[in-house]
Every structure is written in C-alpha cells, then in structure tokens.
Protein chains: 2
Amino acid sequence: MNIYDVSKKAGVSIATVSRVLNGNSNVSDKTRSKVLSAIKELDYTPNIFARGLGLNTMKTIGIMCTDSSDTYLANAVYYAEQTLRSFGYDALLCCTGNDYDNKRKYLSLLLSKRVDGIILVGSQFVSSDPAIDNTYIIEAASEMPIILVNGYLDGENIYCVMCDDRSAVYSSTAKLIESGVKKPVYFYTSTSTSGMNKLQGFRDALSDAGMTPDKKQLHLCTKNISKAKDYLTALYNEAFYFDAVLASDDSLAVGAVKFAYEHSVKVPDELQIIGYNNSVLANCTEPELSSIDSKVEQLSTTAVSLLMQVLSGNSVPKLNTVTADLIKRKTTKF
Amino acid sequence: MNIYDVSKKAGVSIATVSRVLNGNSNVSDKTRSKVLSAIKELDYTPNIFARGLGLNTMKTIGIMCTDSSDTYLANAVYYAEQTLRSFGYDALLCCTGNDYDNKRKYLSLLLSKRVDGIILVGSQFVSSDPAIDNTYIIEAASEMPIILVNGYLDGENIYCVMCDDRSAVYSSTAKLIESGVKKPVYFYTSTSTSGMNKLQGFRDALSDAGMTPDKKQLHLCTKNISKAKDYLTALYNEAFYFDAVLASDDSLAVGAVKFAYEHSVKVPDELQIIGYNNSVLANCTEPELSSIDSKVEQLSTTAVSLLMQVLSGNSVPKLNTVTADLIKRKTTKF
DNA sequence: TTAATGACTGTAAGCGCTTACATACTGCAC
DNA sequence: GTGCAGTATGTAAGCGCTTACAGTCATTAA
C-alpha cells in the first residue's frame, strides 16, 4: 500500500497524490476530492520514512533530561511534550542520568536520529565547574538548534530559557532576614549555572545585610528528604544555631520540616523554611511549605515556542528569562 | 556525506560499508578496519530515514500515558524509557490527557509514525465502563504489538502487565479489620480495570468480614489532596463515623492525613490510613504514610521486556502479574 | 588438472516519497 | 488564427540505504 496504489485508484499520477497530501495549491478541486476519496477507501497512510528521506525531517524534537521521574523534571517534560504536540511535533524522550559520559553519548545519539532540534531540560546539563567540559553541547548545536531549559551556555545556535533564580532567592532570603532571621541555612543540589545563581542570591542577600555565612550554613546535598533532615539534625546536635532553611528543591525543605517535627522545633516561629519549585510536596507537609515557584510550565512552553521560531527561520533572543514567585504558605512568618 | 562517500574513501563498495555498519559477518578484518577508519575520518553517521525506509523500522517505541507529570506515571514512563534504551530502542512520548477522543487520535497518530510497538502506561486507557469503547486499541494492535501497563484488555497482539491490585487491597483491608477497624472509607480514582480490581478487593474484604459498606464509604474522586480532605471533613461534620481510609492513590491518603491533623484526629490510633503507589508523597507527611507499593519499576521493565520478546517473534503470556506489597509506615497500627 | 566449495566483495534493484521540470490544456487579447 | 500566460497534471530523477544475486578468488577434494 503506497502512494502508487492511491494514484492508480484515483486515476492520477503519484505527484498529484503527493501534492494533495502536502496541501499544495495547484490541484483542481475535482482531482483533489478524487484523491482524497481514494486515500480514504484504501485507508492509506504515507510512509513516514520515505517522507523523511525526501524532506529530511521527521518533525520530532529530542527532549533530554537527567531523570524524568523527578517531580520537577517530570513537569518540565510534560509541558514540553504538550506544547510540541500542539505544534505538530513529536517528542523523543531521553533520560541520561547524571553521568557526564552518558550525557555526551545520548546527545550524539539523538543527533544521529536526525531530530529537528533538542531541548535540554533541567540545569544538570551545563556545569559552571571549570573541570566539566560543556563543548559537547556547543558542537552538537552546529547540527541543530539546542534549547536549554533552566541552564545557560553561550554558543552558536544555543538558546536559553532561565528562571531569575538569583533574584528569587535573594528576595526570599532578604524577607527572611527582615523577619528577624539571623542564621539561615542554604541547601543546594547542583553546581549548574542555575544552582550557582541561586546560591549567589543567598550569599548576596546575606552580605547586603552585613552577614557573613558560616561554612555550615551552605550545604551541597542530593535531592533527598532524609539527607536534609540528617544534616540539620547533625547541626542541631552540635548546637549550631540556625533559624531558617532555604533549599533549592522542595524535597530538602520537606526534610527540614521533618527535622523540626522530630525535635519539636516550632515552624515558623523558631524555624522558617522555604523550598524551591513549588511542587506537590509543598502541599503535603504540615505546616504546608512556602516555596519558590520556578514556573516550570512557562519555562517549558517558552522553550518550545523559541525552538519553533528558530526552526522557521526567525531570529530570537539567546537568553530569555522567566520570573519566579515566592508562594507563601505556612512555613514562613511573612 | 553518505554511504557512497565512505565507500569511495575506503575503496570498497557501498554494500561492504553497509555490511560493516550492520555487523554482518562476511567481511574480512582488513576490509572492516579500512571501512571503520573511513567512517571515523569522515565522521559519518548513517541517515536514519533511508535506513528506516529499507528496514521499515525506526527502533522506536511509543509510550502513551494520560499525564506524565503525575508522580506515578512519571515513574512508569521513566523506567520504561530506561529499559527501552538498554535494548537500543528510542521512546516517543505521547501524553493524551483523559479525553477519550484524544486517546484515539494519538494512538492512530503513533501508528502512522510507524513505531515498532506501543506501551500504554497507566490504567486510564482501558475502561471497564461498558459505555466506553475499547476497540480502538484492539484495532491498533492489528498493526503492531501493544502492551498495557496496569490495564487489561483481551485481544490479538495485546499483552498486559498488571499488579495484583485486588489481593493487595484485599489483604490490606483485611489487616485493617483485624486491627479493629469497623468503618473504613475507600477512595477510588478511576473505573479502569485496575481501579475496579482494587475496589473489588476492598468490597470482598468487607463482605468476608461480614460487613456491608455504606455508600458513603466508597468515594470516587480525582487525584487531589484537598478533594479527599474535603470529603472526609464533610463526613466528619455530619458525624458519619469512620476509622480508616484506604486510597487508590497516595495523594488522597495525604489528604486524609491532613484532615486528621486539622481535626486533631489521632493517626493511627483513631484513624488508620493506607495509600497506594508508595510514592515520594508517602515520606512527606507526619506521620509517614503506609502505602501499597504497586511496583512501578517492575511493571515497566516487565512491559518492555515482553515487548522485546514479541518483537523478536517469541511467544509470551498475554497476562503477566506483579505482586504488590504493603509498605508499613506510621499511619497503620500493625 | 579440474571442479567444487566457501569466503569475500561488488552490482544494481528496489524501498515510497518529494519535487524540478516538462507537458498539456484553457482562456483571452490581439 | 496566433501567441501567451496561467493552471493543472505527469514524468522521472533523486534521497541514502539494504540486500538478493552475481561475480571473483583462493583453497581443497577428486
């Protein structure tokens, strides 16, 4: 069953069938309807491979992330897929994990699949650590446009959509200080651009308030409820005073809430807590978690729109920013 | 840059290059290495479309789910993708939402993309409601194998991996009753096969204990923390007695925990709560939520393995079952 | 020596589509 | 009637690959 069969049935040439299939204008209404009814009768579907061969596109975008089961990334992937589909594109999902070599390998794999573009979701793809080489992304961008969602990298054919993490953390920290906080603890989970921006926001807020953070107030840690709880418990046991926790991911903030519960520390009176990403988790704890909304949906949809613009040859800004909001719930005084 | 360039560079025919590319045995080591080094020098990548045209496969599997941002489905999708990749297959993600027409539409869309098979993740694709027609799946299966993860449908070329939901809910309910529960409330979220199986488990446990559930003990409700909380609050306000909550999704169980907190109902002493899916949410509440582990990972990896078997022409059982476990935490007495 | 075998390599025919180009036809101004 | 523009359709050349089939060559058995 191919275009030839349809052409025979409709009594026209394959070129005409192809024209009808591709919405080309130069076909008379009579011919068009003959072809369409032949297509319907034969229940014909164009062979996508042959079409791809001719057009050299499959209308497919690769979505890469480290781990699509992570609450935040799952949302980002979801919104990206939905938006892509609304533009008539398919989404090829590729989860790399955090291993650097895997990221490289899978990126070139996607390249070889001739997707039309690639969306890298999550900050984990670009590291600000000078020991980590980001050139694999820059090289890949020479073959097709790459959009970084929540990551920043300068390069030809690379476009970024970022959340203004620094200022979100800055203002949240400033509000904490304003409400009387003296010793906030900050949990960060990655050394990506975005991760470093958040950390910088925290540092700046402290220094603008004339505070110098103790090393123990800054803790790098994996996204894991008990990791955060354990760290705070350790501080508590060694009588290290702290009166607020700010985390770059909600799961760590949940850990802080659990710590407070276990040690009967009153939230928010004795300990204020702010999470990041405003995920489902924020609604699960008691008291409910104040959290910075990093606008995943807006981030993802913007990324896809940008990509569509680039693919249709329009020029778009290389860096695009989305504003984060603090969603106040019950773990903050203000 | 194509296979012809490589063949010229290596001084062999394109057939030989193709043989090397496809790991065909009948190539001498000398020729093979000549070809390989030509490939490396030219940095050649085979054109996937042309290959697809010849082989009529893209080594791609469609993963369909209603909503990949849902915690449970996100995990299922993640494990499916990982397993597929380990078999050298790509994953085309397609989120349909709950709309029936969308499901139909997207399924036929995937069909036209000539994926090699389709994995339907989540129970929402098959309804046991006789008003809902499932034949679109059966028809699609005539074109390529379809695997249902956590759903059941009988049909040619359709394979199912299910969790023994009925017995998991049955035994959990029985344990609740054994521990003194008189009036458990059950929340269910869908009328899919899996959803009905769970409900049946609840009903059977009650009737085997000589109890007849009040209508109010069975509540159909969307996956939403406050929906569950509100319903329980309503029961509470009209003085409808209940001493346990069993939910077909953790989010609803979290709602129950929140209800208990707000009304100072002691958990588990006055109210025992069991969730389903053993998701991150179960670790967020205080007390932590006992939850039935529906073994997403096992479900997904089994589904993919089955599909791989089918694709390589082996015969596999049409219905495969995975055993669920109750993970005991702090919302149950036992 | 000859023929048969087996290992290796090349030739060329597709796969089903798109599209540049060629052709046919129509209507209209002159 | 002639010429021309414009519209509608057909022809055929790819796109880059796989693979059946046809060699070629060296080795071995008869």
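The sequence lines fix the lettering, A, B, ..., with proteins before strands; numbering per chain opens at 1. Every value quoted in this text rests on a predicted model; they were computed, and no experiment measured them.
Between the OH atom of A/Y4 and the P atom of D/dG10 there is a distance of 12 Å, given to the nearest Å. Distance, B/K113 NZ to C/dG16 C1': 16 Å, rounded to whole Å. Taking atom CD1 on A/I3 and atom P on C/dC15, their separation rounds to 14 Å, with Å as the unit. If you take CD1 of A/I48 and C1' of C/dC17, they are 11 Å apart, rounded to a whole angstrom. When the P atom of C/dC17 is taken as reference, atom CG of B/N47 falls 17 Å away, rounded to whole Å.
Enclosure of atom OH in B/Y4 is not indicated, since only 12 or fewer non-hydrogen atoms of other residues, nucleotides or ligands lie within 6.0 angstrom.
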Just distance, no hydrogens or angles: give the donor-acceptor pairs under 3.5 Å from side chains in residues 11-22 of chain A, sequence neighbours left out.
| residue | atom | partner | partner atom | Å |
| --- | --- | --- | --- | --- |
| A/S13 | OG | A/A15 | N | 3.4 |
| A/S13 | OG | A/T16 | N | 3.4 |
| A/S13 | OG | A/T16 | OG1 | 3.3 |
| A/S18 | OG | A/N22 | ND2 | 3.3 |
| A/N22 | OD1 | A/R51 | NH2 | 3.4 |
| A/N22 | ND2 | A/S18 | O | 2.7 |

Using atom types as modelled, flag every donor-acceptor pair under 3.5 Å from a side chain in residues 129-140 of chain A to any protein atom, sequence neighbours excluded.
| residue | atom | partner | partner atom | Å |
| --- | --- | --- | --- | --- |
| A/D129 | OD1 | A/A131 | N | 2.8 |
| A/D133 | OD1 | A/T135 | N | 3.0 |
| A/D133 | OD1 | A/T135 | OG1 | 2.9 |
| A/D133 | OD2 | A/T135 | OG1 | 2.9 |
| A/N134 | OD1 | A/S127 | N | 3.3 |
| A/N134 | ND2 | A/S127 | O | 3.0 |
| A/Y136 | OH | A/F125 | O | 3.3 |

For residues 297-306 of chain B, which side-chain N or O atoms pair as donor and acceptor with protein atoms under 3.5 Å away, sequence neighbours left out?
| residue | atom | partner | partner atom | Å |
| --- | --- | --- | --- | --- |
| B/S300 | OG | B/A76 | O | 2.8 |
| B/T301 | OG1 | B/E297 | O | 3.0 |
| B/T301 | OG1 | B/Q298 | O | 3.2 |
| B/T302 | OG1 | B/Q298 | O | 2.5 |
| B/S305 | OG | B/T301 | O | 2.8 |

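A donor-acceptor pair under 3.5 Å is formed between the side chain of A/T60 and the backbone N or O of A/M58. No side-chain donor-acceptor contact under 3.5 Å links B/D29 to the backbone of B/R32. For A/T57 (side chain) and A/K59 (main-chain N/O), a donor-acceptor pair under 3.5 Å exists by modelled atom type. A donor-acceptor pair under 3.5 Å is formed between the side chain of A/N320 and the backbone N or O of A/C160. When atom types are taken as modelled, the side chain of B/N157 and the backbone of B/A141 share a donor-acceptor pair closer than 3.5 angstrom. Within the 3.5 Å criterion, the main-chain N or O of B/N98 finds no donor-acceptor partner in the side chain of B/N102.
Across the helix from C/dT1-D/dA30 to C/dC30-D/dG1, the helix axis at one end is tilted relative to the axis at the other end by 60° (nearest 10 degrees, each axis from five pairs).
Across residues 38-45 of chain A, not one residue has a non-hydrogen atom less than 4.0 Å from an atom of DNA chain D.
Note that CD1 of A/I147 is 14.5 Å distant from CE of A/M64, once rounded to the nearest 0.5 Å.
Using a 4.0 Å cut-off, some side-chain N or O of B/N2 falls inside it from OP1 or OP2 of D/dG16. Side-chain N/O atoms of B/R51 include one lying less than 4.0 angstrom from OP1 or OP2 on D/dT18.
Nearest nucleotide to the side chain of B/N22, out of D/dT18, C/dG16, D/dG16: D/dT18.
Among the heavy atoms of the strands lying under 4.0 Å from A/L53 is at least one base atom, whether or not backbone atoms are also near. Contact annotation for B/N56: no contact, since no heavy-atom pair falls under 4.0 Å across all strands.
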Q: Go along nucleotides 5-12 of chain C 5' to 3' and tag each nucleotide: B for a protein heavy atom under 4.0 Å from its base, S when only backbone or sugar atoms are that close, - otherwise.
A: ---SBBBB

